[in-house]
Amino acid sequence: MKLIHRIAYYLGGFGIGLIILFFFLSGKKTSCDYSPNARTLKDIRNKERNFSEETIQFLKQEKLDTATISRMLIDGDVLFSESNTDLDSCKIYKIEADVLDKNLKMTVENCKDKATVQKMEQVFE
C-alpha cells in the first residue's frame with residue numbers, strides 16, 4: 001500500500017472518529033479543565049457563594065456588583081504562591097483579574113460546600 005493511501009485511510013478514520021465524538025459530547029456540559037488554575041476556579045464557581053461584610057462594602061464603594069466576582073472566577077488567575085492550600089478544612093485562595101479596567105484581587109475561603117469571598121481590593125501597579 002502506498003504512503004498516500006495510508007495517510008488517506010488514517011485521515012478518513014480520524015475524521016469519522018471526530019464526528020462520532022462531537023455527536024456523543026454535544027449538548028453535554030463537558031469541559032477540559034486540566035490546569036490547577038482552571039480546576040480551582042471551576043470548583044469555586046460551582047459552589048454556593050457567600051460574601052463578607054467587607055466585600056459588600058468594597059463592591060458598594062467601587063460601584064461594582066457580584067457579576068464582577070463571577071467574571072473574576074472565569075478570567076482570573078489563582079495566585080498559588082500567596083494562597084494557603086495546606087489547610088485541612090477550608091483552603092484560602094487569592095485570585096487576581098483585570099475586570100472593567102481595574103486590577104482586582106480577592107481572597108476566597110473555599111470549603112467543601114460553599115465558597116466565601118472574604119476580602120476584595122484594588123491592586124495598583
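What's counted below: heavy atoms across the whole structure, side chains too, no hydrogens, waters or symmetry copies.
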Next item on the list: Look at the side-chain heavy atoms of Ile, Leu, Val, Met, Phe, Trp and Tyr, link any pair under 4.5 Å apart, and say whether I69 and L100 land in one connected group.
Entry: yes

Checklist line | V123 reachable from L64 in the ILVMFWY side-chain graph, under 4.5 Å edges | finding: no

Item checked: Worked check of salt bridge (Lys or Arg N to Asp or Glu O under 4.0 Å) between D43 and K47 -> CA-CA 7 Å; D43 182 49; K47 292 181 180 174; 3.2 Å; yes

Item checked: Heavy-atom check, side chain of E82 versus side chain of K105, under 4.5 Å -> yes

Checklist line | Shared hydrophobic cluster, L41 / F80 (ILVMFWY, side-chain heavy atoms < 4.5 Å) | finding: yes

Notebook entry, point to check: When hydrophobic residues are tied together by side-chain contacts of less than 4.5 Å, even through go-betweens, does I56 share a cluster with F58?
Noted result: yes

Check: Testing L73, V78, V117 for side-chain contact (heavy atoms from CB on, under 4.5 Å) with I44, which one passes?
Finding: L73

Next item on the list: Answer yes or no: is there a side-chain heavy-atom contact under 4.5 Å between K42 and R45?
Entry: yes

Checklist line | Closest non-hydrogen atom pair between E109 and C90, with its separation | finding: CG-CB, 3.6 Å

Item checked: L104 to M72 - nearest heavy-atom pair and separation -> O-CE, 3.6 Å

Note to self: Restricting to non-hydrogen atoms, name the atom on G76 and the atom on N37 that form the minimum distance, rounded to 0.1 Å.
What the structure shows: O-ND2, 3.5 Å

Next item on the list: Kindly give the heavy-atom pair with the smallest separation between N50 and K114, and that separation in Å.
Entry: ND2-CD, 3.1 Å

Checklist line | Same cluster (ILVMFWY, side-chain, under 4.5 Å), F14 and I19 | finding: no

